[in-house]
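The structure appears right after this line, and notes come after that.
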Amino acid sequence: MKFAVIVFPGSNCDSDMYHAAKDELGAEAEFVFHHETDLSGYDGVLLPGGFSYGDYLRSGSIAQFSPVMDAVAQAANEGKPVLGVCNGFQILLEAGLLPGAMRRNEQLTFICKTVPLKVVNNQTGFTGTYQEGEVIQVPVAHGEGNYYCDEETLAELQKNNQIVFTYKDPINGSVADIAGIINEKGNVLGMMPHPERAVDQLLGSDDGLKLFQSIVTHWRDHHAVTS
């Protein structure tokens, strides 16, 4: 399985994402810059955190117009796994690949710490190696992680089992303590916590590694790859 790690001007977690996929997971991975328009040579797409285009106007609002985003949308439409973390999640929201919006943290302060997350849905291509209800430790680092959606959208997310991760304890004002959601098709996941920063015990937790392992396992199961 070969991952594209998308790099926007202002990305600062691209190397962490590359390290998680390449070194910790053992998969193929390449950096792909924002001006590229073809992702046909990749099996999965990773949108890292950071401050794309300086987060001017609104987080992710300019990055959604990058040339590469048409290719990201095409990959999503083709059923390839697309993971957006932190700023990557914000970009997926701005691009309309996931429902809802992101607001500034309720406390209006930047939050940077490891928090417990609850795995709400382990029946996805991103969470198959977790147990349902499992509590994992994953870092967050954001000033705009306050996920918002209206009541109708929240009801749809709950009905379709699209809420994948919730914060065990409220941290930023997110609706229903949502930390990560998936699209209806099940192949696009956006989450504010950083699994790529929790892939080795030396980092304080390796709970995030199972997310990347889940992606590869699911991909192999659907491509009849046995080794």
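Under the salt bridge (Lys or Arg N to Asp or Glu O under 4.0 Å) criterion, no residue pair touches residues 105-114, with sequence neighbours excluded. Screening residues 87-105 for salt bridge (Lys or Arg N to Asp or Glu O under 4.0 Å), with sequence neighbours left out, gives Arg58-Glu94.
When all heavy atoms are compared, the tightest approach of Phe126 to Leu83 is CE2-CB, 4.2 Å.
Residues meeting the salt bridge (Lys or Arg N to Asp or Glu O under 4.0 Å) test with Glu78, sequence neighbours left out: Lys80.
Atom CD of Glu151 has 12 or fewer neighbouring heavy atoms from other residues, nucleotides or ligands inside a 6.0 Å radius. The environment of CD in Gln131 is sparse: at most 12 heavy-atom neighbours from other residues, nucleotides or ligands sit within 6.0 Å. Taking a 6.0 Å sphere around OH of Tyr56, one finds it holds 12 or fewer heavy atoms contributed by other residues, nucleotides or ligands.
The aromatic rings of Tyr147 and Phe89 sit parallel to each other, their planes meeting at less than 30°, with 60° as the upper class boundary. Relative orientation of the Phe31 and Tyr18 rings is parallel, given thresholds of 30° and 60° on the angle between their planes.
Between the side chains of Thr129 and Gln213, no donor N or O sits under 3.5 Å from an acceptor N or O. Residues Gln90 and Asn87 have side chains that bring a donor and an acceptor to within less than 3.5 angstrom of each other.
In this structure, Ser205 contributes its side chain and Ala198 its backbone to no donor-acceptor pair below 3.5 Å. Ser214 places a side-chain N or O within donor-acceptor distance of the main-chain N or O of Lys210, the cut-off being under 3.5 Å.
In this structure the side chain of Asp14 never reaches within 4.5 angstrom of the side chain of Phe8, judged on heavy atoms. Two residues are said to be in side-chain contact when any heavy atoms from C-beta on lie closer than 4.5 Å; Glu134 and Asn122 fail this criterion. Side-chain atoms of Val164 and Met191, non-hydrogen and from C-beta on, never get closer than 4.5 Å to each other. Side-chain contact between Pro116 and Asp169 is present, with heavy atoms from C-beta onward closer than 4.5 Å. Under the 4.5 Å side-chain criterion, counting only non-hydrogen atoms from C-beta, His142 is in contact with Asn105. Between Ile163 and Leu154, the closest side-chain pair of non-hydrogen atoms falls below 4.5 Å.
For the atom pair CD1 of Ile171 and CD1 of Ile111, the computed distance is 5.0 Å after rounding to the nearest 0.5 Å. With rounding to the nearest 0.5 angstrom, the CE atom of Met69 is 8.0 Å from the CD atom of Gln64.
Here the rule is side chain to side chain donor-acceptor pair (under 3.5 Å) with Tyr42, and of Glu30, Glu28, Lys2 only Glu30 fits it.
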